[in-house]
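Below: one structure, written as structure tokens.
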Amino acid sequence: MKKVLSRTLLFTMAVIVSMMFSQVTAAGMVKKIVIFQENTQPPQRIDYLEGWEAAGVVTLRRVPFVDGAVLSVPDTITSAELADDDRVLRVEEDQQVELQAVVASGDGGAGDGGAGDGGAGDGGASEPIRFISPILDNAIFNGERPWGILQLYEQPYDPGFTMSLYDPNAVPQIVRDAMERSYLKHIKIAIFDTGVDYTHPRLDNYVEGGFDCVNMIPGMAMDDNGHGTHVAATIVARRTGLARTSKLYAVKVLDENAMGEVSSLIMAIQWAINNEMDIINMSLAFREDNPTVHLAIQKAYEAGIIMVGASGNHSNWIEDGQTSGDGGAGDGGAGDGGAGDGGAGDGGAGDGGAGDGGASGDGVVENPYPVMYPAAYPEVIAVGAHTSFGDVAGFSNTGPEVELTAPGEGIVSSNVMEITKYGTCNGTSMATPHVSGSIALMLSLDRNNMISPYEIREILVNSTTDGKLNLVGALEEVQRRQ
């Protein structure tokens, strides 16, 4: 069985919200986001939108949270024309959300299995892109647990395998206390992802609600891809989850091919504020700063929501047509770019990692794999990934914004039921829910809600061990402050 679970079968998860401007919504039409001036009254906004209808502009969605609207615009109408109005602050192109998986074989990298032949192009709509490597043996939890859970519970494990024996009696008392308290606190966690398979036998009692921002349908959003289910189960699922009695909310911002739009992400943040979420888990990323997304993030931060984001993976920066050679499982992935040449040594937290990106004879070279957004925003806890051996994962993006790393390579968790019950995956996507689950346990120990979200973040970061997530240390500090 352990051979089946060996690290040689793992997929390298590369999560990206790519910046594809002027996204075509129909023949000759593009999506744009209009942001109105703050003092513009609702009737004035309606008048503006109705005024453009004669020119063929269609209002797709109102976004009152940021005083905006999403429009489908004929490509003959420029952003400058839309912005030439006293009621308008700015006009932005809606940006496409996309997940790209770089697999070990090379054929499923950013070329064949990403946005190209197996993605939104030739084979996307008919066969959803999968990012989880299914585990065929579903009876894998006979006394075993994923290595990431064991590490955070300070239990011994074999770093050469994805799972090892689990002794519940050896779990530190502080962790057990947090689990017991979580039954009373019911921390609310929103998963911004592809949805969650709430029919999964390990998740069916934990998903409380949510919203489908892709199809604008309220209620629990079903996962039709697998990525969101894998992420969610690391937080709450029986036997793979850290904070098993937290209340999970599936907020779908990506479709079956893990494609979405910035406007959906903004709506998801608005939903989280309106529904008083405690934590938002964002295992997604985009390359360039987006002022409207940042505004939404700032509003969530002001509302007291703790946001956790993936720092991004090296393969996010691979251009279409490149596979495992230059940034996949080969040079930049789990192989040469893992714990070896591109990991904690030459390209990880050492020469080319968390510092300035490495130096040459002529001076400092710009970091080629910087932290992506929204993790790069100061309001978000930026999470990198480390391996079972304790090294910074070779695929993990680095930079001063990264506040800690968490288990992110060879992570076993739940998979959508239509494939198999479980699967493995790599990436900062997988590291992020380890942090979100840890924060939920920290909040559970805060008996009188005396510790602010800022302090929770401060404790979490200050309790790290060599930059790695230290759950027990963080829980002990929360308890000391009671």
Side-chain angles (χ1 to χ4, degrees), residues 1-13 104 132-135 137-172 175 179 202 230-244 283 310 329 333-335 338-340 343-344 348 383-396 404-415 421-438 441 464-474:
M1 180 180 65
K2 286 189 174 180
K3 290 183 179 180
V4 175
L5 298 176
S6 66
R7 293 165 61 210
T8 59
L9 295 179
L10 302 178
F11 280 67
T12 298
M13 186 69 237
I132 313 302
S133 179
I135 295 174
D137 183 359
N138 287 325
I140 61 174
F141 291 105
N142 294 328
E144 295 191 336
R145 294 291 187 275
W147 74 264
I149 302 295
L150 296 175
Q151 184 185 79
L152 296 182
Y153 286 176
E154 297 190 346
Q155 288 199 305
Y157 64 91
D158 186 341
F161 299 99
T162 59
M163 301 182 71
S164 295
L165 292 177
Y166 169 75
D167 180 4
N169 296 320
V171 175
V175 176
M179 289 180 181
R202 300 295 180 191
H230 194 281
V231 167
T234 297
I235 299 175
V236 300
R238 295 187 293 275
R239 299 183 179 177
T240 65
L242 277 166
R244 294 189 297 274
S283 291
V383 181
H386 66 251
T387 72
S388 58
F389 292 91
D391 302 314
V392 175
F395 54 75
S396 185
L404 74 168
T405 65
E409 183 178 273
I411 303 303
V412 174
S413 188
S414 295
N415 194 15
K421 292 181 182 178
Y422 305 101
T424 58
C425 201
N426 289 8
T428 54
S429 275
M430 284 59 253
T432 303
H434 284 89
V435 175
S436 295
S438 297
L441 291 177
T464 59
T465 302
D466 297 326
K468 296 187 287 291
L469 173 61
N470 181 346
L471 172 60
V472 173

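What you see below is based on every heavy atom in this structure, not just the backbone, and it leaves out hydrogens, waters and symmetry mates.
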Self-check item: Nearest-0.5 Å distance that lies between atom CH2 in W147 and atom CG in L152
Solution: 8.0 Å
Quiz item: Y422 versus N415: any side-chain heavy-atom pair under 4.5 Å?
Solution: no
Self-check item: Donor on one side chain, acceptor on other, N470 and T464, under 3.5 Å
Solution: no
Quiz item: Within the distance-only criterion (no hydrogens, no angle test), does the side chain of E154 pair as donor or acceptor with the backbone N or O of V472 below 3.5 angstrom?
Solution: no
Quiz item: OG of S429 to CD1 of I411: how many Å apart, nearest 0.5 Å?
Solution: 11.5 Å
Self-check item: Full working for side chain to side chain contact (heavy atoms under 4.5 Å, CB included) between V383 and T428
Solution: CA-CA 7 Å; V383 181; T428 54; over 6 Å; no
Quiz item: Would you say D391's side chain and A393's backbone share a donor-acceptor pair under 3.5 angstrom?
Solution: no
Practice problem: For the pair S413 (side chain) and H230 (backbone), establish whether a donor and an acceptor sit closer than 3.5 Å, ignoring hydrogens and angles. | Solution: yes
Quiz item: Heavy atoms, side chains only, cut-off 4.5 Å: are V231 and M430 in contact?
Solution: yes
Quiz item: NE2 of H434 to CG of L404: how many Å apart, nearest 0.5 Å?
Solution: 12.0 Å
Quiz prompt | Heavy-atom pair of closest approach, residues G423 and I132 | solution = CA-CG2, 3.5 Å
Quiz item: What pair of heavy atoms forms the shortest contact from I149 to G241, and how long is it?
Solution: CD1-C, 4.1 Å
Self-check item: Distance-only donor-acceptor check, side chains H386 and Q151, under 3.5 Å
Solution: yes
Exercise. Determine the minimum heavy-atom distance between A406 and L469, stating which atoms define it.
Key: CB-CD2, 4.2 Å
Practice problem: Could you verify whether a donor N or O on one side chain and an acceptor N or O on the other, from Y166 and R239, lie under 3.5 Å apart? | Solution: no
Quiz item: How far does CZ of F395 sit from CD of E409, to the nearest 0.5 angstrom?
Solution: 5.5 Å
Quiz prompt | Heavy-atom pair with the smallest gap, counting every atom of G437 and I235 | solution = CA-CG2, 4.1 Å
Quiz item: Should the heavy atoms of other residues, nucleotides or ligands under 6.0 Å from CG of D466 be counted, would the total exceed 12?
Solution: no
Exercise. Drop me the distance from D158's CG to S388's OG, to the nearest 0.5 angstrom.
Key: 8.5 Å
Quiz prompt | Value rounded to 0.5 Å, distance of CD in E144 from CG in L165 | solution = 5.5 Å
Exercise. Of all the heavy-atom pairs spanning T432 and S283, show the shortest one and how long it is.
Key: CB-OG, 3.7 Å
Quiz item: Taking all non-hydrogen atoms of both residues, which atom of G384 and which atom of A431 are closest, and how far apart?
Solution: O-CB, 3.4 Å
Exercise. Using a 4.5 Å cut-off on heavy atoms from C-beta on, say whether the side chain of T240 contacts that of R202.
Key: no
Quiz item: Only one of V435, V236, L471 clears side-chain contact (heavy atoms from CB on, under 4.5 Å) with L242; which?
Solution: L471
